[in-house]
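The sequence lines fix the lettering, A, B, ..., with proteins before strands; numbering per chain opens at 1. Owing to the predicted nature of the structure, the values given are computational and were not obtained by experimental measurement. Worth knowing before you read on, the calculation uses all heavy atoms, side chains too, and leaves out hydrogens, waters and symmetry mates.
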2 protein chains.
Amino acid sequence: MLLPIDPQRTIRELKELRALTSDQDGAQRVAWTPMWLQARDWFTSKLAGLPIEDHYDAAGNRWITLRGKSEKALLLGSHIDSVPNGGWLDGALGLMAALETLRAFAALPDGPPLTIRVVDFADEEGARFGRSVLGSSAFAGTHSITQDRIKRDKDGITMEAALQTCGINIERFPEAERERTNAAAYLELHIEQGPILERMGLPLAAVLGTKGVERHKITFMGQEAHAGSTPMSARRDAFAAAARFALAVRDIARRTPEAVCTTGSVKTYPGIATAIAGRCEMTLDQRHLNAAVLAGIHQQARDASTDIATDEGCTVEWDRIWNIEPVPFHPHLIDLCGEAIRDVTAAATFERLPSGPLHDAAEVSRAGIPAVMLFVQSLGGISHNKIEDTREEHLELAIQAYAALAEKTAAWILLDA
Amino acid sequence: MLLPIDPQRTIRELKELRALTSDQDGAQRVAWTPMWLQARDWFTSKLAGLPIEDHYDAAGNRWITLRGKSEKALLLGSHIDSVPNGGWLDGALGLMAALETLRAFAALPDGPPLTIRVVDFADEEGARFGRSVLGSSAFAGTHSITQDRIKRDKDGITMEAALQTCGINIERFPEAERERTNAAAYLELHIEQGPILERMGLPLAAVLGTKGVERHKITFMGQEAHAGSTPMSARRDAFAAAARFALAVRDIARRTPEAVCTTGSVKTYPGIATAIAGRCEMTLDQRHLNAAVLAGIHQQARDASTDIATDEGCTVEWDRIWNIEPVPFHPHLIDLCGEAIRDVTAAATFERLPSGPLHDAAEVSRAGIPAVMLFVQSLGGISHNKIEDTREEHLELAIQAYAALAEKTAAWILLDA
C-alpha cells in the first residue's frame, strides 16, 4: 500500500479557505458564528464525488466516514474553527491533511482495508465562550454541560442559546459518545505554535502528549491610597505584590525543565495614575507534561504568593479558572509517528516534543482511544495571529508524513486485530 | 484684634453639605455637574446678611469680597468640588473655614483692616476631564486652553461644551487673571490626605509647598506568544519587563528621602490567560519637593526602563501625561503658619510637611502671590473615599489655627505696606 496523496492540493485548498474566511486582521472562523458555518459549507464542497457518509453528531462534530473492509475505524481529525484574528493553519491544516489522506485511502485499487473517518471537531478554540475542546470533550465523555451552558460571550449570549442557533441542543451532548464505536486510533497534524522546531532547524516532531494545565485567577488586596501623599514606607501596594509574584513564578518555571508559567492578564484597581492599587487581579497559567511536577510548581506558586502578600502587607486569594491533567499519547503511535518522520525527511532520528497547547487529540486520548499528534514547524513560533505561517516545503513534508503515519497506523490496527 | 470664630458652626455646615450632596458612595460634587451647582447654591445660603460682594470670574471661580480699610486683599480659599465617591472634607473644609474667618473679620468692631476675599476655585479635582486645578490655573495665567477644551469625559462630552452648559466660555479664561489685583497673600486649609500626621500623633502641620510631579505613560513591547508552547527561554514578555520596572522604580523612591513613585495603572495586551503579554502599558507618577531631585529620580527611572527592556528583549516608550514643577510656599507665611499652630496647640514646635497632592495654593503661588497651606490630620491617611474623616477636635483646632494664621497674615500685609 502506498497512499497516493497530493500535498499541493491541500495547500491550495488551505489558501482557498483563507481567502473565503479571513479579513485584513486574519482568520475569523470563530465557532458558532456565521463565518464558521460558511467554512463548514466550503468543506462540504470538497467532499463531492467521494464514496463517504457525512453527518454531525449531537455536539456539532462532523464525521466523514469512508467504509473499508474492516469495521475498525482509523480517525483522522482536527478542527476548522479559529480564534478571532487567527492564522490560516491552526486547525485547518490538520483537517485538510486528514481529508487528503481519506481521499488517498478511497483511491486505493482494492479499496480501503479499514474504515477511515475524518472528524471536524466543533469549537476546539473556545474563543467565544472561553471553553476550549468543547466538541471533542462531548465525544470523549469529559464534557461539563452544567458549567458550560450558562457561559456568556461578550454580548451576553449564553453558550446554550448560541448552540441552539446552530441546531445543537447542549443537553444531548452525551449522544456524541456513540461516535467512539469501533474507533481504533486517532491521528492529528497541527502546527507547533511554538519556536522549538525552528530553533532546532527541524521541520517535524512526534508529540509526546499534552501538558497538564493549572489556570487560576489570583487577586492581591492591599490599600488604595493617594499616590502623592502616601510615603513609600506606608504603602500596601497590591500591584507591587503582583509584580513580585509574577517574577517569582517565572523563576519557578525557569528552574523546572519543560515547565511554562504565564501571567498574561493583569488588572489594577482603581487603575489610575494617582492612586496606589488597592487590588490587583492577575491570571496564572502553569503547564507541565508530568502531573507530579505540575502539582509541585503549583504549590510553589501558592507558597510564593502567600509569602509575598504577607511581606507586602497584602492578602491574596486564588480562584481556579480551569485545569486539566497531563495527557500522554500512545507510546507505539509515537514510535510510528517517528518512523513516518524519518521516512519523509530521510533523517536518522526524530524529535519528540510535549505540546503546551491543548488539542482535541488529548480529549480523544482521555476516552481511551490510542492517539498521537504530528507537529510541523511554525515560523517565529507565532500562532493565533494573522502572521501565523509555515514554510511551504515543511507543509508538504508534514502532509506526506501524516499520510505515512496513517498508513503505518492502519497496518498496526489490522495486525493488532 | 482677636477673631471671633465659631469652629462648631463650620463643622455643622460641613455636615449639612455632606447630607445634601452625598449618596451611599460618598460625596458627588463633581465640577460642571448639577450636584456641584447645587453645592454652590447651598453656599450662597450661607452668605445671607454678610456685607459682601459675590461674583464668578471668567473661569467659574467664585469670589466673595469683604471690603476693608486697605485695598490690599487677603485671599482665603479652597474648592467645593469633589471627586466621584469622595469625602466630606477634601476642599469643603478649606472653603467653610475661609468663610468662617471672613465672618469673623466682618464682625470686628472697627471693621476689617484690609480686604478679605474668599475664593471657591472651580474644578480643583479635575475628576470629569482629568485636568486638575483648572480654575486656579486660569486665575494664575498658567491655563492650557488649547489642550483642555477638547478633553472629553467618559460620555464623550468635551470640556468646552460642559463649561458652556455652566455659562463659562473657555476662550475667556484669561480674564480671570484680573482677580489678582491687590492680592497680597493666599491661605488654604486642607486635610493631609496622607498618614504622616496620624503616625506622628500630631493634629496640624505647616505645608512647605507642593511636590513637583512627573506623570508618564510607559509602554513595554515584547512578543505576544502562546502560553503553552513558548519555552521560558524564548519569551519576550512585556509584563515581566513592566513588573521588574515597577519594582526598580520603587527601589529608586525608597532610597530617595521624601520621594514617592507610583505605578497605579497597568494593562496587558492581549490580556488573556493563554497569551504572553506582547505589550504592557503602565503609568508612572513621581513626586518630590526639590526640582533637581525630581529630575534625578526621573532620569533613574528612564535608565532603569531601558536597561530592563534590553535585558528582557523588549523595547520601551515613554509618553508624558502631565508634569508640574515643585512649588515652594512663602517662607515667612510658613513661619506664621507654625506660630498659629503653636498658639492653638500650645506645642513648642510645629511640623513642616511637603504636600504630595497638588492644590489650588500651588497655582496661586505660581502667580507670584505669597501663599501657604495648613494641613490637618486625616484618619488612616484616607481621602478621595467616603470613609475620609478627621477627628472633630482636630477639625476645631484646624479652624482655630487657620483663623489665627489669617490674623497674623493680615498684620504682616499691613506692616509690609
Side-chain angles (χ1 to χ4, degrees), chain A residues 192-196 199 210-211 213 215 217 223-234 237 239-240 242-244 246-247 250 253-254 258-268 270-277 280 283-285 287 321 355-358 378 380-385, chain B residues 192-196 199 210-211 213 215 217 223-234 237 239-240 242-244 246-247 250 253-254 258-268 270-277 280 283-285 287 321-322 355-358 378 381-385:
Chain A
E192 180 199 343
Q193 302 179 275
I196 298 173
R199 292 184 166 206
T210 57
K211 292 181 177 179
V213 181
R215 191 176 300 158
K217 184 174 104 171
Q223 174 63 58
E224 180 185 334
H226 195 295
S229 59
T230 312
M232 300 311 291
S233 62
D237 183 340
F239 175 61
R244 284 181 59 186
L247 297 172
R250 181 162 79 160
R254 281 175 167 175
E258 301 286 345
V260 285
C261 294
T262 305
T263 45
S265 167
V266 182
K267 292 176 192 161
T268 55
I272 56 175
T274 55
I276 297 150
C280 182
T283 58
L284 173 64
D285 181 289
R287 306 192 190 204
I321 297 170
S355 173
L358 192 64
S378 291
I382 309 288
S383 180
H384 286 194
N385 191 294
Chain B
E192 181 199 344
Q193 302 179 274
I196 297 174
R199 292 186 165 206
T210 57
K211 293 181 175 178
V213 181
R215 190 177 300 158
K217 184 175 104 171
Q223 175 62 58
E224 180 184 333
H226 195 293
S229 60
T230 311
M232 299 311 290
S233 62
D237 184 340
F239 175 62
R244 284 181 60 185
L247 297 171
R250 181 162 78 160
R254 282 176 166 176
E258 302 286 344
V260 285
C261 294
T262 305
T263 46
S265 166
V266 182
K267 292 177 190 159
T268 55
I272 56 175
T274 55
I276 297 151
C280 182
T283 58
L284 173 63
D285 180 289
R287 306 193 190 202
I321 296 170
W322 183 72
S355 172
L358 193 64
S378 290
I382 308 288
S383 179
H384 287 195
N385 192 295

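With chain A as the partner, the residue from R244(B), K211(B), E224(B) showing the most heavy-atom pairs under 4.5 Å is R244(B). The candidate with the highest count of non-hydrogen atom pairs below 4.5 Å against chain A, out of A275(B), P357(B), G194(B), is P357(B). Interface summary for chain A: among R215(B), R254(B), R250(B), H384(B), the most heavy-atom pairs under 4.5 angstrom belong to R250(B). Highest contact tally toward chain A, considering only G381(B), A225(B), A227(B), A242(B), is held by A227(B) [criterion: heavy-atom pairs under 4.5 Å]. Comparing D237(B), T262(B), T283(B) by how many heavy-atom pairs each has under 4.5 Å with chain A, the most go to T262(B). Each of L247(B), T230(B), D285(B) has some count of heavy-atom pairs under 4.5 Å with chain A, and the biggest count is that of L247(B).
Contacts of I276(A) with chain B are made by both backbone and side-chain atoms, with heavy-atom separations under 4.5 Å. In this structure, no portion of S383(B) lies under 4.5 Å from any heavy atom of chain A. Proximity to chain B (any heavy atom under 4.5 Å) is restricted, for R199(A), to the side chain, taken from C-beta onward. Contacts between S233(A) and chain B at a heavy-atom distance below 4.5 Å involve backbone atoms as well as side-chain atoms.
Residue P195(B) comes nearest to A234(A) through the heavy atom pair CG-CB, 3.8 Å, listed as atom of the first residue, atom of the second, then distance. V266(B) approaches T268(A) most closely through the heavy-atom pair N-OG1, 3.2 Å.
Although no hydrogens or angles enter the test, the distance criterion places a donor-acceptor pair under 3.5 Å between the side chain of S229(A) and the main chain of Q193(B).
Note: H226(B) NE2 to E192(A) CD = 11.0 Å, rounded to the nearest 0.5 Å. One finds the CE atom of M232(A) at 12.5 Å from the CD atom of E258(B) (value rounded to the nearest 0.5 Å).
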